[in-house]
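Here, residue 1 is the first one in the sequence, and each next residue gets the next number. For ligands, and for the atoms within them, numbers begin at 1 and follow the listed sequence.
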Amino acid sequence: MAAPMLRWVFRSQWFGTPGRPGVLPLGLREAHSGAQGLLAMQKARGLFKEFFPETGTKTELPELFDRGTAGSFPQTIYCGFDPTADSLHVGHLLALLGLFHFQRAGHNVIALVGGATARLGDPSGRTKEREALDAERVRNNARALHRGLQALAANHQRLFANGRTWGSFTVLDNSAWYQKRDLVDFLAAVGGHFRMGTLLSRLSVQTRLKSPEGMSLAEFFYQVLQAYDFYYLFQHYGCRVQLGGSDQLGNIVSGYEFIHKVTGEDVFGISVPLITSTTGAKLGKSAGNAVWLNQEKTSPFELYQFFVRQQDDLVERYLKLFTFLPLPEIDHIMQLHVKEPEKRGPQKRLAAEVTKLVHGQEGLDSAKRYRMITEGGVSINHRQVTNPESVLVVGQHILKNGLSLLKIGKKNFYIIKWLQL
Ligand code: YSA
């Protein structure tokens, strides 16, 4: 059977009119009502960018999520995260949000930590080879990522589930299945299904082969491992969909081809757009512009500030991508913004929603306190304090009688009596 065209597509008959959420039928607007609702809505929000393949041989992507089809519900969807650092970052968050949307619609999701793949280094979207990471460092990073993913999933559940039944959120590590594999056995069993011509044709490989540095065998082999992961999760967890940033296209297609060849079954890929900096570089560790989700690396205040600083031309897009706010509410926020742009309403709402999801209500409160101080909204004994890390000095911030007069904002005055100095 001829393989479907290796093109990422938008199928208008599945998903409604691209880029025109206003004309979607009412039923598709916000309800997570089955596949049409979920896929169309995320397409309209701009979160789901591309779908692959164009047509399945037995099943179509939307049918997978259709509650009406016997045995098709719930589905399992996965996305992989390589532990090349000890924290997730804002770019990863977008892929994670893609998983959360499936989980909310009742599907089971898997966040896969690439404890094995991180040792090789994904060449996708890179012009240079990654710095080699030793096993110990990758293990430590993998543990940190595992904790970060669990913490985010727990926040998401605590803040939004409201007693509703969602699908499961599972964190796995691909080192679990490679540790047990014998190299020769793996090459014989898996390697034979991959054609060199196809592997060499991938954009990620072509770009690197043409670079002065070239490409190592380890990096070249990366896509085979990611393809095998998809197969492994398909076999053991019934996972038929892999989600990833659009830089993951080639690796996802490799997985699709492998699974289809070996099992004859249909699997699918969904991509989310890449978040870039103002210079157009992908936001992440490699470009050195990562905004981390671990508060030891980027404080809740810095995360909040990153989103508050977004320009008007991006903020609506980010509200759709990074928050769960319904589209009509985002429209309303944007209409208010036109009347009072100086208030930066959309930016503040975006920053608050993301900070709360990542660091919980406590994190958001602390970010807001920091912001108030840095903006000059706090004074002690009639002196403005603009550095949140200021050390309080007896005789200046604390009077000799053990009292301080704290002013927050324009109208809130507090007298603090220090019991121990
Ligand atoms: C995937 C599947 C596997 O079976 C095994 C490993 C992987 C990991 C994958 N090859 C990878 O290297 N991903 S990553 O660690 O670089 O990023 C994790 C996810 O976040 C990817 O889907 C990536 O595309 C996405 N991402 C990273 N920076 C992003 C971004 N998405 C949007 N904007 C950004 N700036």
Side-chain angles (χ1 to χ4, degrees), residues 8 46-50 76-99 109-126 130 133 138 141-142 144-146 148-149 152 171-178 190 202 204 218-219 221-237 239 241-256 258-259 267 269-293 306 314 317-318 321-322:
W8 288 64
L47 182 60
F48 292 171
K49 189 172 172 225
E50 295 141 318
T76 303
I77 298 96
Y78 100 97
C79 177
F81 302 86
D82 271 354
T84 51
D86 58 1
S87 169
L88 297 164
H89 59 67
V90 162
H92 295 146
L93 183 61
L94 203 60
L96 203 53
L97 279 161
L99 289 184
V109 300
I110 296 173
L112 179 68
V113 176
T117 34
R119 299 282 313 280
L120 305 189
D122 189 350
S124 307
R126 294 183 61 91
R130 278 179 199 274
L133 292 171
V138 170
N141 289 348
L145 242 55
H146 195 117
L149 289 162
L152 259 152
V171 184
L172 300 175
D173 187 325
N174 59 14
S175 60
W177 47 90
Y178 292 110
V190 177
R202 301 276 178 250
S204 60
E219 283 185 291
F221 212 66
Y222 189 99
Q223 57 176 313
V224 176
L225 259 58
Q226 187 161 337
Y228 181 77
D229 286 344
F230 198 176
Y231 170 79
Y232 184 93
L233 294 173
F234 173 68
Q235 293 292 10
H236 292 83
Y237 294 85
C239 173
V241 180
Q242 183 178 170
L243 190 134
S246 45
D247 59 340
Q248 294 298 307
L249 163 75
N251 294 342
I252 296 178
V253 172
S254 291
Y256 161 83
F258 177 53
I259 296 170
V267 294
I270 299 177
S271 76
V272 300
L274 288 183
I275 299 301
T276 55
S277 68
T278 40
T279 61
K282 175 180 135 183
L283 215 59
K285 182 187 164 218
S286 315
N289 56 8
V291 179
W292 303 102
L293 305 188
F306 169 78
L314 266 184
R317 176 167 176 246
Y318 279 11
L321 292 177
F322 283 105

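- Between the side chains of S124 and D247, no donor-acceptor pair of N or O atoms lies under 3.5 Å.
- Under the 30°/60° scheme for interplanar angles, the aromatic rings of W292 and H89 are found to stand perpendicular.
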- [ ] Could you check N251 against Y256 for side-chain hydrogen bond (donor to acceptor under 3.5 Å, both in side chains), going step by step and ending with a plain yes or no?
- [x] CA-CA 9 Å; N251 294 342; Y256 161 83; over 6 Å; no

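- Side-chain atoms of D229 and Y178 include a donor-acceptor pair closer than 3.5 Å.
- The closest protein non-hydrogen atom to atom 15 (O) of ligand 1 is D82 N, 2.9 Å.
- Of all protein heavy atoms, the one lying nearest to atom 9 (C) of ligand 1 is Q248 OE1, 3.2 Å.
- Contacts of D122 with ligand 1, taken as heavy-atom pairs under 4.0 Å, involve the side chain alone.
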Open item on the list: Checking N141 against T84 for the side-chain hydrogen bond (donor to acceptor under 3.5 Å, both in side chains) test, could you report, in this order, the C-alpha distance in whole Å, the side-chain angles of both residues, the deciding distance, and whether it holds?
Closed with: CA-CA 7 Å; N141 289 348; T84 51; over 6 Å; no

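- An N or O contact shorter than 3.5 Å is missing between L243 and ligand 1 by distance.
- Close approach to D229 involves these atoms of ligand 1, each under 4.0 Å from a residue heavy atom: 3 (C), 4 (O), 5 (C).
- Nearest protein neighbour of atom 19 (C) of ligand 1, counting heavy atoms only, is G80 O, 3.7 Å.
- Of all atoms in ligand 1, listed by their number and element, those nearer than 4.0 Å to a heavy atom of Q242 are 2 (C).
- With values rounded to the nearest 0.5 angstrom, Y78 atom OH is found 10.5 Å from L243 atom CG.
- In this structure, atom 20 (O) of ligand 1 lies nearest to the protein heavy atom H92 CD2, 3.4 Å.
- Heavy-atom separations between Y78 and ligand 1 include at least one value shorter than 4.0 Å.
- In the model, Q226 has a side-chain atom that pairs as donor or acceptor with a side-chain atom of Q242 under 3.5 Å.
- Protein heavy atom at the shortest distance from atom 33 (N) of ligand 1 is I275 N, 2.8 Å.
- Residues L293 and L93 are in side-chain contact: their nearest non-hydrogen atoms beyond the backbone lie under 4.5 Å apart.
- Between F322 and Y318, the angle of the ring planes goes over 60°, which puts this pair in the perpendicular group of the 30/60° scheme.
- Here is the list of ligand 1 atoms found below 4.0 Å of a heavy atom in L283: 28 (N), 34 (C), 35 (N).
- Heavy-atom contacts of T117 reach the following atoms of ligand 1: 5 (C), 6 (C) (cutoff under 4.0 Å).
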Task: Stepwise side-chain hydrogen bond (donor to acceptor under 3.5 Å, both in side chains) test for D122 and Q223 - done: CA-CA 8 Å; D122 189 350; Q223 57 176 313; over 6 Å; no

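- Considering only non-hydrogen protein atoms, atom 25 (C) of ligand 1 sits nearest to G245 N, 4.1 Å.
- Contact annotation for F230 and ligand 1: no heavy atom of the residue comes within less than 4.0 Å of the ligand.
- Taking the side chain as every heavy atom from C-beta outward, K49 and L274 never approach each other to under 4.5 Å.
- Near L112, meaning under 4.0 Å from any of its heavy atoms, are these atoms of ligand 1: 3 (C), 4 (O).
- Ligand 1 does not have G114 within reach: every non-hydrogen atom of the residue lies 4.0 Å or more from it.
- Closest to atom 34 (C) of ligand 1 among all protein heavy atoms lies G91 CA, 3.4 Å.
- Contact annotation: for P273 versus ligand 1, heavy atoms closer than 4.0 Å belong to the backbone alone.
- The G244 neighbourhood of ligand 1 comprises atoms 22 (O), with distances under 4.0 Å to a heavy atom of that residue.
- Proximity of T76 to V109: side-chain heavy atoms (C-beta onward) are nowhere separated by under 4.5 Å.
- The residue among D247, N174, L120 with a heavy atom at the shortest distance from atom 23 (C) of ligand 1 is D247.
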